[in-house]
Amino acid sequence: MLILDLFRSPSAFLTDPWGHARNQAGHALIVGLLPVLLLGPWAALPVLAGYVLWEVAQWRLYGAAPSDGLEDLAYVTGGVLAALWWPVLIVLVLMLASGVQYRRELRG
């Protein structure tokens with residue numbers, strides 16, 4: 001799947017707990033943590049600024065839910081912070097478990 005396809009189809013995975021887990025783990029690890037580990041701490045703010053622009057564009061152009069964008073941004077921010085201080089990974093795991101459980105409860 002191309003990045004453009006992902007951009008055009010924002011989803012909060014409200015009825016798919018494991019889809020949510022994969023999605024948010026990707027946000028935290030691939031979008032947040034990896035660039036800062038590879039490029040250094042100075043990359044933290046550009047990564048976050050670029051991701052905010054991505055989410056605003058999804059919201060304005062493709063009708064993404066603002067709550068989904070904020071949740072995605074929280075995971076990207078967590079990934080960036082985890083690259084700078086590893087104990088943040090514990091918080092990310094707790095956030096992820098909470099989101100998975102919430103979606104399991106929604107599904108019934």
Side-chain angles (χ1 to χ4, degrees):
M1 180 178 284
L2 296 172
I3 295 293
L4 189 56
D5 292 335
L6 293 172
F7 180 73
R8 291 179 180 159
S9 59
S11 174
F13 296 92
L14 288 178
T15 58
D16 182 4
W18 301 113
H20 166 76
R22 287 188 306 274
N23 181 48
Q24 298 306 6
H27 280 94
L29 301 175
I30 297 169
V31 181
L33 185 124
L34 190 60
V36 176
L37 283 181
L38 293 176
L39 301 173
W42 64 269
L45 288 178
V47 165
L48 290 173
Y51 195 74
V52 167
L53 292 175
W54 171 282
E55 287 295 338
V56 168
Q58 276 192 321
W59 171 58
R60 300 284 290 163
L61 299 173
Y62 296 103
S67 60
D68 177 46
L70 288 172
E71 184 177 24
D72 293 348
L73 180 59
Y75 279 95
V76 171
T77 303
V80 166
L81 293 174
L84 302 173
W85 191 54
W86 72 265
V88 174
L89 288 172
I90 297 166
V91 175
L92 285 171
V93 168
L94 293 173
M95 287 171 47
L96 196 59
S98 172
V100 167
Q101 183 58 32
Y102 173 69
R103 281 152 180 83
R104 290 180 68 205
E105 291 171 4
L106 280 180
R107 199 172 57 178

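All values below were derived from every heavy atom in this structure, side-chain atoms included, with hydrogens, water molecules and symmetry-related copies excluded.
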Of the non-hydrogen atoms in [X] and [Y], which two are nearest, and what is the gap between them?
X: Pro35; Y: Ala43; value: O-CB, 4.4 Å
X: Leu6; Y: Gln58; value: O-NE2, 3.4 Å
X: Trp59; Y: Pro66; value: NE1-CG, 3.4 Å
X: His20; Y: Val100; value: CD2-N, 3.8 Å

Going hydrophobic residue to hydrophobic residue with side-chain gaps under 4.5 angstrom, can you get from [X] over to [Y]?
X: Leu81; Y: Trp85; result: yes
X: Val76; Y: Leu84; result: yes
X: Leu4; Y: Tyr62; result: yes

Point-to-point distance, once rounded to the nearest 0.5 Å, from [atom1] of [X] to [atom2] of [Y]:
X: Leu29; Y: Leu92; atom1: CG; atom2: CG; result: 7.5 Å
X: Met95; Y: Glu71; atom1: CE; atom2: CD; result: 7.0 Å
X: Leu89; Y: Leu94; atom1: CG; atom2: CG; result: 11.0 Å
X: Asp16; Y: Arg22; atom1: CG; atom2: CZ; result: 6.0 Å
X: Asn23; Y: Asp68; atom1: CG; atom2: CG; result: 7.0 Å
X: Leu48; Y: Leu53; atom1: CG; atom2: CG; result: 11.0 Å

Side chain Arg107, main chain Arg103, donor-acceptor under 3.5 Å | no
Are Ile3 and Trp54 side-chain neighbours, meaning at least one heavy-atom pair lies under 4.5 Å?
->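 Sidechains of Trp54 and Ile3: in contact.
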Can you find a pair of side-chain heavy atoms, one from Leu106 and one from Tyr102, that are under 4.5 Å apart?
-> yes
Atom CD1 of Ile30 with >12 non-hydrogen neighbours under 6.0 angstrom | no
Mark yes when over 12 heavy atoms from residues, nucleotides or ligands other than Phe7 sit less than 6.0 Å from its CZ; otherwise mark no.
-> yes
Working for side-chain contact (heavy atoms from CB on, under 4.5 Å), residues Tyr75 and Leu96 = CA-CA 9 Å; Tyr75 279 95; Leu96 196 59; 4.1 Å; yes
Residues Tyr51 and Glu55: side-chain donor-acceptor under 3.5 angstrom | yes
Of all residues at least two apart in sequence or in a different chain, which pass the side chain to side chain contact (heavy atoms under 4.5 Å, CB included) check with Val52?
-> Val56, Leu73
